[in-house]
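Step one of this worksheet: look at the structure below.
FYI, side chains are in, hydrogens and waters are out, and symmetry mates aren't considered; it's all heavy atoms of this structure. If you read the sequence from its start, that first residue is 1, and numbering goes on from there. Indexing begins at 1, ligand by ligand and atom by atom, following the structure's order.
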Amino acid sequence: MDLKKLAAALIPDGDLVPPEEYENIYPERDRAPKAEVTRLAPSPTGFIHLGNLYSALADERSAHTTGGTFYLRIEDTDEKRKVDGAVESVIRSLKYFGIDFDEGAEIDSLQNKYGPYYQRQRAKIYRSFVKRLIEQGLAYPCFCTEDELNAVREEQTANKKTTGYYGEYAKCRNLSEDAIYANLKAGKPFVIRLKSQGSIENKFIFRDAIKGEVTVTENDQDVVILKSDGIPTYHFAHAIDDHFMRTTLVIRGEEWLSSLPVHLELHKVLGFKPPRYAHTSSLMKMDGETKRKLSKRKDPELSLDYYRKAGYFPKAVIKYLMTLLNSDFEEWSLKNPEADFRDFKFRIEKMSRSGALFDLDKLNDVSKTEISKLSAEECYEFLKGWVDEFGTDKDKSHFADKDYIIKVLSLVMGVGGKKRRKDIERAEQGVKMLDYFFDDTFAPEYNFRFDKATVNTVLENFEKSYDPADDNSTWFAKVKQIAPLVGFASEMSEYKANPEKFKGSVSDVAEILRIAITGMANSPDLCTIMAILGKERSLARLNAAKR
Ligand code: GLU
């Protein structure tokens with residue numbers, strides 16, 4: 001068969017660049033031997049999830065701890081799944097978590113020498129290589145219809161054979177020249193398939209950067225490399241793109257491990273050296289007693305939007321993901337509490353072979369700790385950012401008074417105290433927690449544990465004696481003075497020695513005042529809260545709480 005003629009009939013494009021020229025167009029990168037070139041290669045479906053962030057962090061750390069490059073490639077070969085604005089959303093979401101690309105789609109960089117970074121714009125490159133494979137007898141046209149392929153699959157399933165297009169089932173593999181041209185003349189749609197040279201009889205050992213040594217069986221499937229719309233499949237685009245974008249380390253989900261034999265064969269027939277591969281395990285969660293994969297349908301926490309709306313501190317999410325990526329990160333972080341997490345020696349090889357367990361409670365703990373390390377000013381900026389995007393009108397008006405919020409935050413966070421408080425877990429909860437500092441959102445339920453007369457006596461007497469000029473100890477002395485008036489012990493030691501002698505203690509007096517002022521039985525230092533609220537508002541609250 002005249003393969004050159006066949007290739008020209010199947011790929012008639014007159015303006016293709018010869019395959020070998022691409023080696024010069026996209027030369028090897030100028031990089032140190034250990035510098036990794038990694039990429040995030042999402043499909044622009046608009047849904048960016050925690051798994052993407054987890055993977056992106058592994059890519060970004062692998063590149064940046066080795067002085068390499070991390071780039072963004074958009075795998076938009078499936079036109080039907082494309083969503084407008086999806087690329088911007090990926091970039092924006094990752095940026096929110098502090099992950100930046102060095103080059104790639106929509107990235108403004110002088111380094112952008114390996115583009116285009118949208119696969120649809122690379123059609124000519126793929127077609128040039130497909131044409132060459134046809135000329136070499138390593139690829140061929142397949143005219144099988146969807147129905148024919150389904151019938152073969154059913155037959156294979158019935159006979160307990162491996163499904164797919166291979167060996168005796170690869171009907172178009174040996175079509176005669178006449179048959180091919182007749183089909184073309186009849187205008188039959190076709191795809192281009194790889195003419196696999198492999199055999200399942202052959203096995204070999206492959207070293208995955210995470211999974212370690214895996215035994216791989218050679219590919220014998222004549223996989224589709226170019227679809228009927230002239231656009232390549234993931235398999236083919238991966239081989240071409242990662243070769244010419246000079247990726248050194250492909251980090252991707254373990255669902256691709258089963259396609260590895262195809263990818264290795266494609267690299268071989270194209271004459272490319274394969275990159276290193278690292279197949280990551282999926283993030284898992286506990287669902288009752290069972291461990292399962294995080295699911296898009298069942299788990300809202302899989303979506304990255306969830307973290308933005310709930311106001312997680314971005315660095316806390318990243319630090320938590322770091323603990324999942326490399327199990328020794330947590331220990332390192334405890335030893336180096338002040339260090340930037342980027343100083344940690346991340347290594348892809350240290351990633352766990354089985355799926356890391358994602359635990360929202362642990363993330364909440366990390367988030368509290370990270371927020372507690374901020375200055376009141378930094379915390380204000382963080383909360384304000386959330387308020388601007390997701391807050392109510394009331395939240396917005398509260399945050400307009402920066403000085404007041406900073407005073408409140410200094411107290412709530414325990415700034416200047418011996419130990420920082422960890423009351424703020426995330427912005428949504430933190431902003432809500434400040435509601436009692438504002439009259440328009442102060443909505444107490446007054447769950448007093450004592451009778452009306454006791455509560456009223458406490459409130460009335462404190463109202464009379466309260467002086468905003470009092471320091472903490474004078475303030476507390478006045479609280480103590482009220483205790484005997486309601487049959488409470490004014491010293492805790494007295495109360496503990498003979499609890500049956502008293503209705504309560506000085507701490508119960510404080511609780512009544514606290515509930516009146518804040519609506520809650522627990523709060524930061526009450527004397528300071530009253531000072532922040534000011535005399536007028538404090539007295540008004542004491543009065544309003546009377547039964
Ligand atoms: N577009 C593929 C996906 O979203 C990328 C896989 C890869 O990283 O190679 O699953």
Side-chain angles (χ1 to χ4, degrees), residues 36-63 68-83 86-87 89-91 93-94 99 101-106 114-123 125-126 206 208-211 219 223-225 227 231-267 270 272 274-283 293-296 302-304 325 348 351 355:
E36 300 283 11
V37 179
T38 61
R39 83 297 193 275
L40 189 70
S43 301
T45 59
F47 183 71
I48 159 130
H49 56 78
L50 195 68
N52 299 127
L53 180 64
Y54 179 67
S55 192
L57 184 60
D59 280 312
E60 190 270 347
R61 287 292 80 210
S62 297
T69 300
F70 172 45
Y71 71 89
L72 175 64
R73 177 171 75 229
I74 300 302
E75 307 217 316
D76 56 354
T77 53
D78 190 351
E79 185 77 342
K80 287 192 289 294
R81 294 177 64 210
K82 203 168 126 199
V83 167
V87 178
S89 145
V90 169
I91 297 171
S93 294
L94 293 185
I99 296 188
F101 295 97
D102 304 306
E103 87 182 39
E106 309 303 325
Y114 292 85
Y117 296 93
Y118 284 85
Q119 288 184 327
R120 282 204 159 249
Q121 295 172 18
R122 301 172 64 78
I125 312 176
Y126 308 125
F206 179 81
D208 184 87
I210 296 171
K211 307 263 177 212
N219 171 58
V223 293
V224 176
I225 54 176
K227 296 184 279 188
I231 296 294
T233 53
Y234 167 78
H235 307 307
F236 196 71
H238 151 57
I240 298 285
D241 292 349
D242 282 313
H243 177 71
F244 286 114
M245 293 182 179
R246 306 294 177 183
T247 311
T248 60
L249 176 61
V250 167
I251 302 173
R252 60 183 183 185
E254 65 187 351
E255 66 276 15
W256 294 111
L257 196 56
S258 58
S259 310
L260 186 66
V262 172
H263 301 159
L264 293 176
E265 182 173 10
L266 283 173
H267 278 83
L270 289 164
F272 302 158
R276 280 204 306 142
Y277 287 92
H279 289 94
T280 60
S281 310
S282 305
L283 288 175
K293 275 188 196 174
L294 277 169
S295 121
K296 192 168 164 178
L302 186 60
S303 152
L304 283 191
L325 283 171
I348 195 79
M351 272 182 80

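For ligand 1, the atoms closer than 4.0 angstrom to any heavy atom of E75 are 1 (N), 2 (C), 5 (C). Distances below 4.0 Å separate heavy atoms of R252 from the following atoms of ligand 1: 7 (C), 8 (O), 9 (O).
Summarising the local packing, NZ of K211 is surrounded by more than 12 heavy atoms from other residues, nucleotides or ligands at distances under 6.0 Å.
The closest side-chain donor-acceptor pair between Y118 and E106 falls under 3.5 angstrom.
Atom 9 (O) of ligand 1 has Y234 OH, 2.5 Å as its closest protein atom, hydrogens excluded (heavy atom only). Protein heavy atom nearest atom 10 (O) of ligand 1, with residue, atom name and distance: W256 NE1, 3.5 Å.
Looking at heavy atoms from C-beta onward, S259 lies in side-chain contact with H235 at the 4.5 angstrom threshold.
F244 pairs with exactly one of Y117, Y114, F272 by the ring pair (Phe, Tyr, Trp, His ring centres under 6.0 Å) rule, that one being F272. Each of D241, L270, V223, V262 was checked for a side chain to side chain contact (heavy atoms under 4.5 Å, CB included) with F236, and the lone residue meeting it is L270.
Below 3.5 Å of separation, one finds an N or O of R39 facing an N or O of ligand 1.
When the heavy-atom distances from atom 5 (C) of ligand 1 to P44, S259, S55, A41 are ranked, the shortest goes to A41.
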